[in-house]
Protein chains: 2
Amino acid sequence: MTDIYRAIADPIRRKILRMVSQQECTQSDIVASFSISQPAIKKHLAILLEEQLLLERRVGKFCYYRLNTPVFQQAYLQLQSELGLVLDNKLAGLKHYLENLEEE
Amino acid sequence: MTDIYRAIADPIRRKILRMVSQQECTQSDIVASFSISQPAIKKHLAILLEEQLLLERRVGKFCYYRLNTPVFQQAYLQLQSELGLVLDNKLAGLKHYLENLEEE
DNA sequence: ATTTCATATAACCTTTTGGTTATATATAAG
DNA sequence: CTTATATATAACCAAAAGGTTATATGAAAT
């Protein structure tokens, strides 16, 4: 359920997220922004949809994509707190080291 | 170079990053923390080393791993600015929308 | 010297990823 | 009605990911 790490693993998907966050885009808008085929883009969109970071809207023959902002925001916050821990741990280790300098 | 997105794509690698950020660990420490085989852990370590997020130190038969803090920190900052853009764009879109409410 | 323990590596397997080309379908435009 | 355009899907491919078991190597302990 919403594996943002999977979603952002590919640079093409990260660029798609940036595009659709600026404004809704049709699939062909997106295809036109890259030098890979339409089915390849479709697969990236499928992964982003699967991870619920995108919403799609069908109008006639067009398919519009936009960011699923609440889901993205929540997943991104969670990512930050998970990865932030890594640096926090490092700081805690340094703090502990400094506090015990005289004992060693 | 240093594809942090690849490095963090797997939950096992994220947990390893957290472990070694608390304190240096031997490979067997790490193996003992998971329920997968030693060669499987070795492959995750290889990916983290390849992406330069880990440093290794050999002492006798032991191999110690620690976080490559500067590289991790820099890569994480870059990730944050790249993904932060997505939300910034969204806010900019909202701002633009609000500013032009009366015109539509 | 032999056993034990930590690590390394090889061979193998399955699934996922990231791409392709070709083709089908559905809507819009001429 | 026919053509053009947007999207969907199928079949295929190569490489990467994520795992396994079995085995080799190298250092430490008995």
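Lettering follows sequence order; numbering is per chain, from 1.
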- [ ] Give the rounded distance in Å between these two atoms: CZ of A:Arg14 and C1' of C:dG18.
- [x] 14 Å
Task: Least distance between heavy atoms, A:Arg14 atom then A:Ile8 atom - done: NH1-O, 2.7 Å
Open item on the list: With a 4.0 Å limit, can you tell me whether B:Ser37 has a side-chain N or O closer than that to the phosphate oxygens OP1/OP2 of D:dT20?
Closed with: yes
Task: A:Glu56 versus A:Tyr65, side-chain donor and acceptor atoms under 3.5 Å - done: yes
- [ ] Please report, rounded to the nearest Å, how far the P atom of C:dA6 is from the OH atom of B:Tyr65.
- [x] 14 Å
- [ ] Let me have a per-nucleotide readout for nucleotides 24-30 of chain D, 5' to 3', with B, S or -, counting only protein heavy atoms under 4.0 Å.
- [x] ---SS--
- [ ] Return the value, rounded to whole Å, for the distance between atom CD1 of A:Ile30 and atom P of D:dA6.
- [x] 13 Å
Open item on the list: Closest approach to the side chain of B:Ser28, judged atom by atom: which nucleotide of D:dA8, C:dA6, C:dA8 is it?
Closed with: C:dA6
Open item on the list: Would A:Val71 and A:Ile4 count as a side-chain contact (heavy atoms from CB on, under 4.5 Å) here? Give the steps.
Closed with: CA-CA 10 Å; A:Val71 168; A:Ile4 195 179; over 6 Å; no
Task: Identified side-chain contact (heavy atoms from CB on, under 4.5 Å) partner of B:Ser21 from the options A:Leu91, A:Leu87, A:Asn89 - done: A:Asn89
Task: Value rounded to 0.5 Å, distance of CD1 in B:Ile16 from CG in B:Leu53 - done: 11.5 Å
TODO: Answer yes if the side chains of A:Tyr5 and A:Glu51 hold a donor-acceptor pair under 3.5 Å, and no otherwise.
DONE: no
Open item on the list: Can you measure B:Ile36 atom CD1 to D:dA17 atom P for me and round it to whole angstrom units?
Closed with: 15 Å
- [ ] With the side chain of A:Thr26 defined as its heavy atoms from C-beta on, choose the nearest nucleotide among D:dT20, D:dA10, D:dT7.
- [x] D:dT7
TODO: Considering non-hydrogen atoms only, spot the tightest contact between A:Leu54 and A:Leu17 and give its length.
DONE: CD1-CD2, 3.8 Å
- [ ] Go through the steps for A:Gln80 and B:Tyr76 under the test side-chain contact (heavy atoms from CB on, under 4.5 Å), then give the verdict.
- [x] CA-CA 9 Å; A:Gln80 284 185 102; B:Tyr76 180 48; 3.6 Å; yes
Task: Rounded distance in Å - OH (B:Tyr5) to P (D:dA17) - done: 17 Å
TODO: Kindly say if B:His44 contacts the phosphate of D:dG19, meaning a side-chain N or O under 4.0 Å from OP1 or OP2.
DONE: yes
Task: CD/B:Gln78: more than 12 non-hydrogen atoms of other groups inside 6.0 Å - done: no
Can you check nucleotides 12-17 of chain C for protein contacts, nitrogen or oxygen pairs under 3.5 Å, and list what you find?
residue, atom, partner, partner atom, Å
C:dT17, OP1, A:Arg6, NE, 2.8
C:dT17, OP2, A:Arg6, NH2, 3.0

- [ ] Look at the side-chain N and O atoms of B:Gln38 and state whether any lies under 4.0 Å from the OP1 or OP2 oxygen of C:dT9.
- [x] no
